[in-house]
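Take a look at the structure below.
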Amino acid sequence: MRIFSFSPFGYEGSLVGVEVDLRRGIPAVDIVGLADGTVRESRERMRSAIRNSGFEFPPERVLISLSPADLKKEGAGFDLALALAVLEAQERARKDDSPESGRMLVMGELELNGRLRAVRGVHAAASTAAQQGIEFCLVPEENADEARGVDGMKVFGAKNLEEAFGALGNTERFSAAKRTDRIMQIQRDAVQVDGILFNKVQEGFDFSAVCGQERLVRALQIAAAGAHNVLAFGPPGCGKTLAMQKFQALRPLLTEKETRSVTRIYSIAGLLPPEKSMKYDRPFRQPHQTASMEGICGGGAHCSPGEISLAHNGMLFLDEAAEFKTGVLQMLRVPLETGSITISRAGRSTTFPADFQLLMATNPCPCGFYGSGDKICLCSMRSVEQYWKKFSGPLLDRIDIRVQVENCGTQETGVSTAELRKDIARAVRAQIERQGKWNSRIGPSELDSICICTQDARRALDKAGETLGFSPRAMASCLKTARTIADMEGSEEINIEHITEAVGLRKNSGPLEQAF
C-alpha cells in the first residue's frame with residue numbers, strides 16, 4: 001500500500017508521498033525531503049511507539065523520503081504515516097513481496113506508548129486526497145468523523161499504532177459515512193421554515209428581548225434575508241450590540257455547497273469540533289478591537305486563515321468598529337468586493353475564500369453621545385469628523401444598510417425570532433430559485449434582469465440618487481436591498497414602497513452626514 005500524508009499550507013495544502021528504504025549500515029533513521037523540526041522529531045516518537053506497541057524496530061539503516069522533495073513538510077501529522085511506512089517496508093523485506101499496490105492517506109500524531117492523538121487539517125487532507133483519486137483514509141479515532149465528512153472517502157479510526165497497522169492491509173475494515181445519515185442528523189438539529197433550514201432558537205438568541213428598536217430589528221431582518229452589510233450607530237446602551245449578537249439566529253444553515261469550503265477552513269485552523277464531520281451552522285466571528293492585520297486577514301508562518309476567512313459564508317461582527325486600527329478597516333475593502341484574499345509569505349502564496357457579511361456597531365462620536373436628547377456631547381465637530389473618517393468613504397460605500405439607533409425607554413416585548421424568520425425564509429427561497437445566490441452578490445450586469453422595477457419605482461430611485469448624491473455603487477446597493485424587501489413580501493417587481501425603504505436604509509444620517 002502506497003502511503004501518503006498531508007502538509008498543510010494555507011487553504012490548499014499538499015499531499016506528501018512517504019517512501020522507506022532499509023539498507024545496510026549503522027542503525028539510524030534519516031529523513032530527506034525538506035522536513036521541518038517537528039517532522040524530524042518524529043523519528044524518536046516513531047521509534048519509541050513502534051517498540052512499545054510490541055513491534056521490532058528495523059536494525060538496519062532506515063531512509064525515509066518525503067516527496068515532492070522541494071516542498072517543505074510541516075506538522076506532527078506525519079508520525080503515523082512514517083511509522084506505518086517503516087513497518088510495512090520491514091514486512092515486505094521479510095516476505096520478499098512485490099511492490100505495494102493501492103494508495104492510502106494516513107495522518108496522526110503518536111504518543112511514546114503507541115497511542116494516537118488527533119491532528120488538525122484531516123478534513124482538508126481527505127478532500128484533497130479524494131480529488132486525486134485516493135479513497136482510503138487511516139486517522140486517529142477522534143478524527144474519523146471529520147474524514148468521513150468527505151463524500152466517498154472510506155475511513156478507519158484507530159486508537160493506537162497496533163490497530164492502525166492491522167487495518168493497513170485490510171481495507172474491508174474501512175467504512176464511509178452515508179450522505180442520508182448526515183442529512184437526517186442536520187434535520188434533527190434544525191427547524192424548517194418554508195423549506196429553509198434554521199438552527200433551533202437557543203436561549204439568548206430570541207429577538208423578543210430587543211425592546212423598542214423596531215427600525216433596527218427590521219434592518220437586521222432585511223440584512224439577514226439578502227446577506228447585506230450593516231452598520232448600526234448610536235449611544236452606549238441603546239441595544240445595537242445586543243441585537244447584532246443575536247443576528248446569527250436569523251441566517252439559515254449553510255447549504256451543501258457552502259459547507260464544503262467552510263468545513264475545510266475550520267479543519268485547517270483546527271477549530272472543527274471532533275464530534276462534527278461537517279460545519280453546517282453559519283460562522284459568526286467577533287474579533288476584539290486590538291486584533292492585528294494578520295489576525296484579521298490571515299498569515300503567519302503557515303499562512304493560517306484570519307477572521308475574515310473564518311467568517312466565510314457567515315458573519316464578521318466588529319463591535320466598537322471605530323476602535324479598530326485604520327489599516328485593519330481599510331483592508332476589508334478588497335475582500336468585501338472579491339470574496340477572497342490572497343496571502344503571500346516567503347515565496348509561497350495561498351488564496352483563502354472570504355465571502356463574509358460585515359456587521360459593524362459603533363458610537364456616533366468618541367464620547368458616545370452626539371445627537372443624544374438627554375446627554376451632553378463633549379466632542380468637537382472636528383473630533384467627530386476624524387472619528388468617522390477612520391472608516392473612509394470607500395468602505396462605507398460598501399455598506400448597504402446604515403441604521404441610527406436611539407435610546408428607547410419602552411420595555412415592550414419585541415418581535416420573536418420565529419416570526420422574523422418567516423419573511424426571511426420566503427426571500428431566501430426566492431433567491432435560490434431565481435439566481436442561486438444572495439441578492440447582495442448580484443453583479444452589475446445582472447441588475448437589470450433581476451431587479452425589475454415599476455416605472456414609478458425607477459423614477460423614485462433616480463430622483464433620490466440625484467438628490468442625495470449617490471454613487472453608481474450606492475444606486476446598485478439600493479436596488480439590491482429593494483429586491484430583498486420585495487422578495488420578503490413575495491413580490492416579483494420592485495415597487496415604490498420597496499425603493500423608499502431601501503433608500504431610507506442607505507442614506508447618510510446624523511454624524512455620517514457631518515463626516516461625509
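Numbering starts at 1 and runs along the sequence shown.
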Counterpart residues, side chain to side chain donor-acceptor pair (under 3.5 Å), relative to [X] (two or more places apart):
X    : value
H228 : D400, T484
R285 : E307
Q431 : none
R282 : E258

Nearest atoms (heavy-atom pairs only) where [X] meets [Y]:
X    : Y    : value
P252 : V428 : CG-CG2, 4.3 Å
C303 : I343 : SG-CG2, 3.8 Å
D397 : A474 : OD1-CB, 4.1 Å
V150 : A126 : CG2-CB, 3.7 Å
N363 : G368 : CB-CA, 3.9 Å
A129 : M153 : CB-CE, 4.2 Å

Any [X] side-chain heavy atom under 4.5 Å of [Y] side chain:
X    : Y    : result
I399 : M360 : yes
M331 : I308 : yes
I432 : I196 : yes
F324 : T290 : no
I485 : I222 : yes
Y370 : M381 : yes
F207 : L220 : yes
R148 : S175 : yes

From [X] [atom1] over to [Y] [atom2], what is the distance, rounded to the nearest 0.5 angstrom?
X    : Y    : atom1 : atom2 : result
L332 : L316 : CG    : CG    : 6.5 Å
E493 : C453 : CD    : SG    : 8.5 Å
Q248 : Q357 : CD    : CD    : 11.5 Å
N313 : L254 : CG    : CG    : 6.0 Å
K325 : I296 : NZ    : CD1   : 10.0 Å
N229 : L359 : CG    : CG    : 8.0 Å

Okay, side chain of [X], backbone of [Y]: is any donor-acceptor separation there less than 3.5 Å?
X    : Y    : result
Q213 : E406 : yes
R483 : I450 : yes
N407 : P235 : no
W388 : C365 : no
T263 : K279 : yes
Y11  : I265 : no
Q221 : L420 : yes
D319 : T241 : no
K422 : D194 : no
S440 : G226 : yes

### Message
Using side chain to side chain contact (heavy atoms under 4.5 Å, CB included), reason through L318 and V328 one step at a time and then give a plain yes or no.
### Response
CA-CA 11 Å; L318 304 184; V328 170; over 6 Å; no

### Message
Less than 3.5 Å apart, any donor N or O on the side chain of R506 or S477 sitting next to an acceptor on the other?
### Response
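Result is yes, a qualifying pair exists.
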
### F9 vs L71, side chain to side chain contact (heavy atoms under 4.5 Å, CB included): CA-CA, chis, key distance, verdict
CA-CA 10 Å; F9 180 84; L71 175 73; over 6 Å; no

Once side-chain contact (heavy atoms from CB on, under 4.5 Å) is applied, do any residues pair with [X], and if so which ones, sequence neighbours excluded?
X    : result
D462 : R458, M475
A232 : L216, K240, M244, V405
P8   : F6
V201 : D206, T417, R421

### Task
Write out all pairs satisfying salt bridge (Lys or Arg N to Asp or Glu O under 4.0 Å) with one or both partners inside residues 355-366, taking only residues at least two apart or from two chains.
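The answer is D355-R441.
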
### Message
Check the orientation of F284 and F317. Use parallel for under 30°, tilted for 30 to 60°, and perpendicular for over 60°.
### Response
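Tilted: the ring planes of F284 and F317 meet at 30° to 60°.
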
### Message
Apply side chain to side chain contact (heavy atoms under 4.5 Å, CB included) to residues F352 and T342 and explain how you reach the verdict.
### Response
CA-CA 6 Å; F352 277 104; T342 299; over 6 Å; no

### Residue list, salt bridge (charged side-chain N to carboxylate O under 4.0 Å, His left out) with E446, at least two apart or on another chain
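Here the qualifying residues are K437.
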
### Query
What residues form a salt bridge (charged side-chain N to carboxylate O under 4.0 Å, His left out) with K463, not counting sequence neighbours?
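Partners of K463 by the salt bridge (charged side-chain N to carboxylate O under 4.0 Å, His left out) criterion come out as none, since no residue qualifies.
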
Less than 3.5 Å apart, which donor and acceptor atoms pair up between the side chains of residues 497-504 and the rest of the protein, not counting sequence neighbours?
| unit_1 | atom_1 | unit_2 | atom_2 | d |
| --- | --- | --- | --- | --- |
| H498 | ND1 | N495 | N | 3.1 |
| H498 | ND1 | N495 | OD1 | 3.3 |
| H498 | NE2 | E489 | OE1 | 2.8 |
| T500 | OG1 | I496 | O | 2.8 |
| E501 | OE1 | R218 | NH2 | 3.2 |
| E501 | OE2 | R218 | NE | 2.8 |
| E501 | OE2 | R218 | NH2 | 3.4 |

### Message
For the NZ atom on K480, are there more than 12 heavy atoms of other groups (residues, nucleotides or ligands in this structure) within a distance under 6.0 Å?
### Response
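Yes, because the 6.0 Å sphere around NZ of K480 holds more than 12 heavy atoms from other groups.
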
### Task
Tell me, with the steps shown, if V334 and I341 meet side chain to side chain contact (heavy atoms under 4.5 Å, CB included).
CA-CA 8 Å; V334 173; I341 183 167; over 6 Å; no

### Message
Taking side-chain hydrogen bond (donor to acceptor under 3.5 Å, both in side chains) as the criterion, tell me which of H123, E12, R264 meets it with T128.
### Response
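For T128, the side-chain hydrogen bond (donor to acceptor under 3.5 Å, both in side chains) check succeeds only for R264.
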
